[in-house]
Each structure stands twice: as C-alpha cells, then as structure tokens.
Amino acid sequence: MRTPSRRRRMLGVPLLVTALLAGACGDGGGNDGGGNDGGAAGTSATSATTPATPETSQSSGGPVTIPTSAFVDLPPELRKAAAQPTDAADALPELCDKEFRSGGRSVTASAAMMSTYKLPKDPPENVPYGTLHQTVFAFEGTGAADYLRRVRGAVADCRSFQASGGTVTVVSRPMAGTGDEALLVTVSRPATGLDGSPAQGRSTSQILVIRVADAVTVVHDQGWEGTSTDPGLADDIARAAVRSLDSWQR
C-alpha cells in the first residue's frame, strides 16, 4: 500500500460514536432517498450508552438485519475514529444522475455509516486522511446482481459531466477477485481550496461497489476537505468490505 507523505494542519475532529443501523420496510422500499417503488424505509441508531441490539425489518423472506459488523472494519493502522450513522441519501454519491440509488427494487433493508481514516504513519494530531461514506443494501431474489448490472451500465454512460469549477471525469473498471463481483469508479474533478475557491490541479476520489451474495455495499472514499485519495488504498478498503459482508452473509 502506498503511503504518500502529506503533513496536514491540525483541525478539531469530534469524537465519532459507533452506532447500529437497520432499516427498510418489507414492501421493497429502499432507504436511499431515490425513487422507491414501495414504501419509505426507516433507519434507527442506538444510543452511545445503550448496548447495540440489532433491529430487524420484515420482508417476504422473513426479518432482515444489517448489523454494524456488515460495515468496513479497517485495520488499526488505518483507523482514525469510530463510525457514525448517516442517511443513505447523503452517503450515496451522485455523478451524472442518481446512479447508485437502489430505486427500491427488491431491497429488503438498507443502512449507511460514515467513518474517517488515516495513513499508517500519520501522527495522532493530524486531521484524517480521508472519509468513507458506506451504504449497505440487502436484496431478495436477483436484486443484488440486477443492481450491479444497472450501476455498471449507468456509470459507463457517464464519462464526464459539468460541475462547479469545471469538468468532472469518470472512469470505471471491474475489480477482479473482489467478492462475487465488484466495480471501481474513479472520479476526477478540478481541485478547490479549503474555502471552495479554485486551486491548481485536480483531486480524485473513488467509489467501490461490491456484491457478496445478496448484499451490495457502496463505499465512497474521499480525501479530507476536497483533497485526493490514495488509489493504493482501494484494495485495502475492498478487502475489509468483503470480509464484513462475507461474515454477515455466509
């Protein structure tokens, strides 16, 4: 794994709390904020002082639970702070359109969390190197494979788009040997300063979409405050995501 040297100025980073999310109504609605075919899904989080008891959502195949163990558990050398719950609608990236929304098709549950990470040699006082916004979907039937196929086609059709500051380019490729199937999407956009003003060069982020059995995770890896991510971390993040989904699904 590459560990580029990048000293960061110290900023206040609030302590994040570990929380459990589980959600989605049994009528096929997905909690991702996009065009549900069924009813709206619900999510809930446990209190930081209350033992995490998994909640379930009813589907045609019985209760469905997405525990915290289904989310990425980074190795200690990369872990900056514990994860915290977030809305799937906020966690899912958007490119040309809502490529990563489930649309509620065959979704039995969904949940999302956000965490921060560091590089192995970063001093403790440094701000995080990047953030991970992760969404986990549970599907029934062929829903998981259908979702990957739809996302793959939508991303392939979105090679570039205009955003504030200029042109954003999108490149995708399969990740061989990752889960049952996986896609890596690299997004490059004009760089900006901390105040949002244009800066020299470009910044890159990456999106990992991984299927393991009947579950799919979307991990949006972004550099801290608009900086670039390290492409060499994609494999580490993917392995951690597969381990978590595999231990839950199988």
Side-chain angles (χ1 to χ4, degrees), residues 1-8 10-22 45-46 48 52 54 66-88 90-93 100 110-137 175 177-180 182-187 203-213 215-250:
M1 176 179 65
R2 296 187 297 172
T3 56
S5 175
R6 176 161 58 177
R7 187 74 178 182
R8 295 164 179 268
M10 184 174 181
L11 295 175
V13 180
L15 179 64
L16 305 180
V17 296
T18 304
L20 173 93
L21 278 166
T46 59
I66 299 181
T68 51
S69 60
F71 290 84
V72 166
D73 184 18
L74 291 172
E77 64 271 17
L78 294 178
R79 200 177 301 141
K80 180 68 175 179
Q84 66 177 350
T86 187
D87 291 335
D90 296 329
L92 289 171
F100 302 95
S110 63
M113 299 189 82
M114 187 277 285
S115 61
T116 58
Y117 67 90
K118 64 183 182 68
L119 294 182
K121 296 182 179 180
D122 281 352
E125 66 271 17
N126 276 21
V127 299
Y129 186 84
T131 61
L132 298 180
H133 287 82
Q134 182 180 9
T135 304
V136 174
F137 294 116
M175 298 184 73
T178 302
D180 291 321
L183 184 70
L184 175 63
V185 183
T186 302
V187 183
S203 64
T204 60
S205 60
Q206 47 197 10
I207 305 164
L208 294 83
V209 188
I210 303 169
R211 180 177 73 84
V212 175
V216 174
T217 187
V218 180
V219 185
H220 191 192
D221 175 22
Q222 298 172 286
W224 186 252
E225 295 191 339
T227 58
S228 289
T229 57
D230 176 12
L233 292 174
D235 288 338
D236 295 290
I237 296 170
R239 281 192 292 267
V242 169
R243 281 196 303 268
S244 297
L245 287 182
D246 192 66
S247 64
W248 167 47
Q249 290 282 286
R250 302 188 191 277

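Residue numbers start at 1 and run along the sequence shown.
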Does a side-chain heavy-atom distance below 4.5 Å link [X] with [Y]?
| X | Y | answer |
| --- | --- | --- |
| W224 | T116 | yes |
| Y129 | Y117 | yes |
| I210 | V219 | no |
| Q84 | M114 | yes |
| R79 | D73 | yes |
| T131 | S115 | no |

Looking at [X] and [Y], what are the two nearest heavy atoms and their distance?
| X | Y | result |
| --- | --- | --- |
| S69 | S247 | O-OG, 4.4 Å |
| A240 | V72 | CB-CG1, 3.8 Å |
| F137 | F100 | CE1-O, 4.0 Å |
| A238 | T178 | CB-CG2, 4.0 Å |
| A88 | T135 | CB-CG2, 4.0 Å |

Tell me whether [X] contacts the main-chain N or O of [Y] through its side chain, where contact means a donor paired with an acceptor under 3.5 Å.
| X | Y | answer |
| --- | --- | --- |
| K80 | P124 | yes |
| T204 | V187 | no |
| K118 | E77 | yes |
| Q134 | F71 | no |
| D122 | L119 | yes |
| S205 | Q222 | no |

Does this structure show an ion pair linking R239 with D236, if we count only N-O contacts that are shorter than 4.0 Å?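 Yes, charged N to carboxylate O under 4.0 Å.
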Please name the residue in the list L183, D235, V209 that meets the side chain to side chain contact (heavy atoms under 4.5 Å, CB included) test with M175.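 Checked L183, D235, V209 against M175; only one passes side chain to side chain contact (heavy atoms under 4.5 Å, CB included): D235.
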With P93 as reference, evaluate H133, Q206, H220 under the side chain to side chain contact (heavy atoms under 4.5 Å, CB included) test and give the passing residue.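 It is H220, the one option of H133, Q206, H220 that forms the side chain to side chain contact (heavy atoms under 4.5 Å, CB included) with P93.
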Gap between atom OG1 of T217 and atom CG of L245 - 0.5 Å precision: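 Atom-to-atom, L245:CG and T217:OG1 are 5.5 Å apart.
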Roughly how far apart are L132 CG and L233 CG, rounded to 0.5 Å?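 The CG atom of L132 sits 9.0 Å away from the CG atom of L233.
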